[in-house]
Amino acid sequence: MKKNILFTFLIFAFIALQNYCFAQNSRENPTIFTEKQIKNGVEIDEQSKFFAGDNPAFSTVEFDDSGWKNVKISSKKNYTKNQPYWIRYYFKIDSTMINKSLCFDVKQVGASEIYLNGKKIETIGKIGDPKTRVFKIKNEVPQLFSLNNTDVNVLAIRFLPIVGGKKISINYSPVALDVELASANEFLDKNVKMMRGFNFVTMLICGVFSALGFIHLLLFLFYRKAIYNLYFSTYNLSIGLLSYMVLLFYQMTDPKSIEIYGFFSFLAILVFGASLTGFVNTLFGRSKIRLKIMLILAALLLILYYFSTKTAFGLVTFYIFFVWFESLYLIIRAMIRREKSAFIVGGGILTFFLIIILTIIANILDSLNIAMPTIFSGDEFGIFVLVLIFVSFPISISAYLGWQFASTNLSLVKQLDEVKRLSDINLKQEQEKQQILQDQNDLLEKQVDERTFELQKEKQKTENLLLNILPHEVAEELKENGSSEAKYYDEVSVLFTDFVNFTQSSEKMGAEKMLVELNECFTAFDMIMEKHGLEKIKTIGDAYLAVCGLPIKNECHAYKTVLVALDIIHFIEERKKINPNTLDIRIGINSGSLIAGIVGVKKFAYDIWGDTVNTAARMEQNSQKGKINISESTYQLVKEKITCEYRGKIHTKGKGEMDMYFALEIKTK
């Protein structure tokens with residue numbers, strides 16, 4: 001009998017040892033993943049080949065890792081040094097998954113490089129020297145790949161864990177490395193659906209409670225005595241902030257963010273407790289000492305967070321539980337005293353605690369394997385319970401604030417009715433007074449409108465006259481400041497015209513006919529100037545002076561001035577065909593800089609000065625009948641667009657020898 005027992009024990013020991021040995025993943029004993037496992041997402045959590053060191057050859061398919069030890073790669077205890085570690089894992093896939101899109105979903109505390117059959121398929125973070133390292137928590141969008149056979153595949157992972165140095169105070173992940181093989185289509189579809197639902201719920205909670213918080217903050221700012229509005233505002237804002245932090249934690253990829261996210265989460269929880277105790281004590285607490293103590297404890301926990309984050313997180317949990325039971329005690333006491341407001345607020349608080357207690361009881365029954373109705377175990381019921389927990393207390397407080405607002409409003413309505421009754425007595429008298437004043441105002445307004453219309457007409461006449469004398473910009477400056485300063489212009493073109501033999505022609509034609517001829521010609525010149533954007537300066541007898549490039553700068557000033565001169569020559573030639581008494585004209589143009597401004601303080605005259613003006617006059621004096629004489633400076637500006645004839649160097653009074661050109665016509669392309 002003893003031999004049989006011993007024999008049976010040895011057989012079981014042998015089988016257990018054999019199972020242990022074969023359970024270890026190796027090239028000879030790869031893991032085979034079925035289609036169902038891959039579509040659902042299978043976690044690689046078996047003992048894998050593990051080595052503390054670094055060598056590029058570790059990623060190759062042929063490398064012999066038989067000397068490596070077998071460990072569970074997810075355990076943080078295996079990673080004690082600040083150096084790269086290598087993991088090698090062998091697996092096969094079901095034939096139905098051949099040439100199907102696959103991916104590795106990786107979550108980690110460090111940085112990694114993923115190799116499949118010797119080829120790097122993904123890099124998460126950056127493994128390098130301490131200055132260039134980049135740690136990532138997960139791969140946001142896994143790289144897709146496919147396998148075309150059912151042979152043994154080698155998954156090699158080069159992993160650099162976060163150890164040593166400045167440790168992260170919040171333990172945000174229970175494992176060091178978690179790798180899951182999944183079908184790409186199912187994985188992406190599942191994650192997109194989950195992400196949409198999760199984002200919708202968290203942002204909905206964040207938006208609703210933040211809106212409530214800001215509304216009640218405004219109510220407090222408008223009525224500072226209602227301090228409970230401030231506490232309720234911070235209560236809602238803390239829930240909104242906490243839900244937003246949950247969303248950020250879910251989407252977090254950079255481990256450096258954990259500290260700031262953890263701080264704001266801790267702050268949201270702390271403000272949640274402080275605002276809850278502040279609200280309940282303000283409404284139902286007799287002594288303010290307890291409230292001061294609770295607020296001081298919240299401040300001390302915030303200071304403690306700076307010195308010991310883990311301790312602060314542990315103590316804030318006890319703080320929240322104490323706040324909940326304190327609120328429950330104060331509300332029940334107020335309800336026993338039959339305070340009307342307590343029944344409104346207490347309904348939400350009691351519902352809140354009742355749901356939490358029922359949830360705890362349900363979890364206990366489930367852990368004892370006691371059968372419960374299926375309706376209580378579904379995800380929809382869990383979401384419904386979560387929503388009730390979140391909204392029960394805010395709804396009750398909102399109902400209380402609504403009741404209080406309604407009571408205040410009813411009192412105000414009664415007071416307003418009394419005021420209205422008293423005001424109706426004097427209403428008719430006031431209306432009569434208003435009618436008299438209105439009639440007087442209408443009469444005065446009519447008179448003012450008439451005078452204003454007359455003044456506008458006179459003002460418009462004055463402005464038209466001023467604009468006819470001065471450039472628009474100068475006129476505006478003169479109206480605004482009462483004076484106008486002379487200005488320097490470095491790039492302009494000046495045009496002079498003069499009628500040939502004007503004196504002799506005047507004696508023959510007579511003064512009146514000559515005056516009519518001059519008026520018609522100068523009127524046409526004015527139209528040509530306006531067409532091309534030149535500014536007329538003045539007429540001196542039979543001479544006409546204009547300039548281009550002021551007061552508004554014009555980069556094509558020389559070309560525009562020559563076009564004006566060509567139009568004037570064309571006008572004179574056409575006029576001679578119908579009027580034989582038309583005078584011949586000569587034109588001179590020069591380009592350069594000058595000074596322009598108003599002369600004197602009475603009978604304003606806008607004029608230009610400078611050597612450029614004098615040279616333009618010399619160009620006109622040395623021109624010929626029906627010709628446009630331009631200087632060297634003007635020629636250099638228009639030679640690409642205007643056909644010119646070089647006249648050579650011509651002696652000019654006061655200037656000496658000067659190069660001159662006749663501008664003939666516009667060049668055709």
Enter the distance from [X]:[atom1] to [Y]:[atom2] here, rounded to the nearest 0.5 Å.
{"X": "Asn70", "Y": "Arg88", "atom1": "CG", "atom2": "CZ", "value": "12.5 Å"}
{"X": "Ile269", "Y": "Tyr319", "atom1": "CD1", "atom2": "OH", "value": "12.5 Å"}
{"X": "Leu283", "Y": "Tyr231", "atom1": "CG", "atom2": "OH", "value": "11.0 Å"}
{"X": "Ser66", "Y": "Glu28", "atom1": "OG", "atom2": "CD", "value": "8.0 Å"}

Cation-pi check for Tyr85 against Lys69: NZ or CZ below 6.0 Å from the six-membered ring centre and within 45 degrees of the axis, yes or no?
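The answer is no; the distance or angle limit is not met.
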Parallel under 30°, tilted from 30 to 60°, perpendicular over 60°: which one fits the rings of [X] and [Y]?
{"X": "Trp68", "Y": "Phe63", "value": "tilted"}
{"X": "Phe279", "Y": "Tyr228", "value": "perpendicular"}
{"X": "Phe321", "Y": "Phe325", "value": "parallel"}

Looking only at atom types and distance, does a side-chain atom of [X] sit under 3.5 Å from a main-chain N or O of [Y], one as donor and one as acceptor?
{"X": "Glu43", "Y": "Asp45", "answer": "no"}
{"X": "Asp178", "Y": "Lys107", "answer": "no"}
{"X": "Thr277", "Y": "Ala274", "answer": "no"}

Under 3.5 Å, is there a donor-acceptor pair between the Asn40 and Glu186 side chains?
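Asn40 vs Glu186: no donor-acceptor pair found between side chains.
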Decide whether Asn25 and Thr31 meet the rule of one side-chain donor and one side-chain acceptor closer than 3.5 Å.
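Yes - a donor-acceptor pair under 3.5 Å links their side chains.
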Val61 versus Arg27: any side-chain heavy-atom pair under 4.5 Å?
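Yes, their side chains come closer than 4.5 Å.
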Quick check: do Asn78 and Lys76 have side-chain heavy atoms less than 4.5 Å from each other?
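No, their side chains stay 4.5 Å or more apart.
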Test side chain to side chain donor-acceptor pair (under 3.5 Å) applied to Glu113 and Tyr115, step by step
CA-CA 7 Å; Glu113 295 174 355; Tyr115 296 84; 2.9 Å; yes
Should the pair Glu35-Lys100 be classified as a salt bridge under the 4.0 Å nitrogen-to-oxygen rule?
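A salt bridge is absent here (no side-chain N lies under 4.0 Å from a carboxylate O).
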